[in-house]
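All values reported here derive from a predicted model rather than from experimental measurement. Below, all heavy atoms of this structure are taken into account, side chains as well, without hydrogens, waters or symmetry copies. Remember, it's 1-based here, ligands and their atoms both numbered in the order they're listed.
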Amino acid sequence: MRNYYMGRLIGQVMPSSDAALLSRSQRAFQERPDLMLNVLNIRPGMIVADVGAGTGYTSLQIAKRVGPTGIVFSTDVQKSMLQLLTINAIYYGMHNIRPVLSTADNPNLPHNSFDLILMVDTYHECSNPPATLRGLRKALKPNGRIVVVEYRAEDANIPLLLDHKMSIYQTRLEFETNGFIFIGNVEILPLQHIMIFQKQQVRKQVREPVSEPVREQLREPVSEPVRAQLREPVREQLREQLREQEREQV
Ligand SMILES: C[S@@+](CC[C@H](N)C(=O)[O-])C[C@H]1O[C@@H](n2cnc3c(N)ncnc32)[C@H](O)[C@@H]1O
């Protein structure tokens with residue numbers, strides 16, 4: 001039985017037997033990952049997670065951009081994909097890639113650690129979206145971004161099954177329901193949306209307790225001299241000023 005989430009049919013996980021599709025040579029000009037990564041302004045030293053990294057097609061490019069002072073955590077739910085990713089990382093000499101075995105219920109990423117979490121053609125396959133999003137929310141730094149790249153469901157000319165695409169409406173619905181705010185979408189890629197979210201900050205209201213001296217003042221009855229002032233009729237001097245003003249106006 002196939003699962004639905006918020007009215008959307010969840011896509012089937014791409015088996016590692018199809019892994020060659022991920023590294024096809026035409027992909028660079030079909031999807032333009034270079035443009036996508038430029039928009040994300042990935043800088044040396046950043047800590048990035050590539051969630052659902054597959055064979056590491058995107059992880060390898062991120063690893064180059066974050067450089068030796070940065071780290072890419074590359075996750076996948078399939079051990080066989082992570083094995084291919086590890087071979088690729090070694091082959092291309094990328095020592096800053098850390099493979100992470102996730103489950104559908106837990107991304108298994110360290111908390112509060114990531115400047116950027118990227119999901120390229122992956123979110124539509126996550127079989128337990130609320131659990132995945134809960135884990136990713138915890139993993140993101142307070143000002144970190146989570147970026148979802150998916151084939152446009154709104155475009156019927158893209159020859160893919162609907163469950164392998166995502167619309168902006170549906171992605172927003174699912175992310176906003178799970179504690180993220182929508183920052184915006186960038187439409188510069190030939191086939192995919194770039195959708196950017198941040199986590200909603202839970203602002204704890206700091207209710208400072210009223211300090212004892214202030215509490216004391218609040219309890220203190222209005223002092224007798226102040227009370228007397230409050231009762232005092234308008235002073236004679238003030239009355240005279242008013243009379244003078246009236247005389248001038250006549
Ligand atoms: C279509 S492939 C895309 C791979 C890679 N992002 C790329 O663009 O080359 C989707 C990958 O996401 C993985 N995946 C599916 N559900 C996942 C989940 N809940 N957490 C992490 N990875 C997942 C699959 O095993 C598969 O390798």
Quick one: which ligand 1 atoms are inside 4.0 Å of a heavy atom on D121? 1 (C), 2 (S), 3 (C), 10 (C)
Have a look at ligand 1 and work out which part of A53, if any, has a heavy atom under 4.0 Å from it: side chain, backbone, both or neither. backbone
What's the shortest distance from atom 15 (C) of ligand 1 to any protein heavy atom, and which residue and atom give it? E125 OE1, 3.4 Å
Under 4.0 Å, heavy-atom basis, I'd like to know which part of R27 is in contact with ligand 1: side chain, backbone, both or neither. side chain
Would D76 count as being in polar contact with ligand 1, using the rule that some N or O on each side must be under 3.5 angstrom apart? yes
Pick one of side chain, backbone, both or neither for how V77 approaches ligand 1, counting any non-hydrogen atom pair under 4.0 Å. both
Report yes if some N/O of Q78 lies less than 3.5 Å from some N/O of ligand 1; otherwise report no. yes
Tell me the contacting part of V13 for ligand 1: side chain, backbone, both, or neither, using a 4.0 Å heavy-atom threshold, strictly below. side chain
Could you tell me which atoms of ligand 1, counted from 1 in the order shown, lie closer than 4.0 angstrom to a heavy atom of T122? 6 (N), 10 (C), 11 (C), 12 (O)
Which of the ligand 1 atoms, numbered from 1, are nearer than 4.0 Å to a heavy atom of M81: 27 (O)
Answer yes or no: does an N/O atom from G52 fall short of 3.5 Å to an N/O atom of ligand 1? yes
Using a 4.0 Å cutoff against the non-hydrogen atoms of Y57, which atoms of ligand 1 qualify? 9 (O)
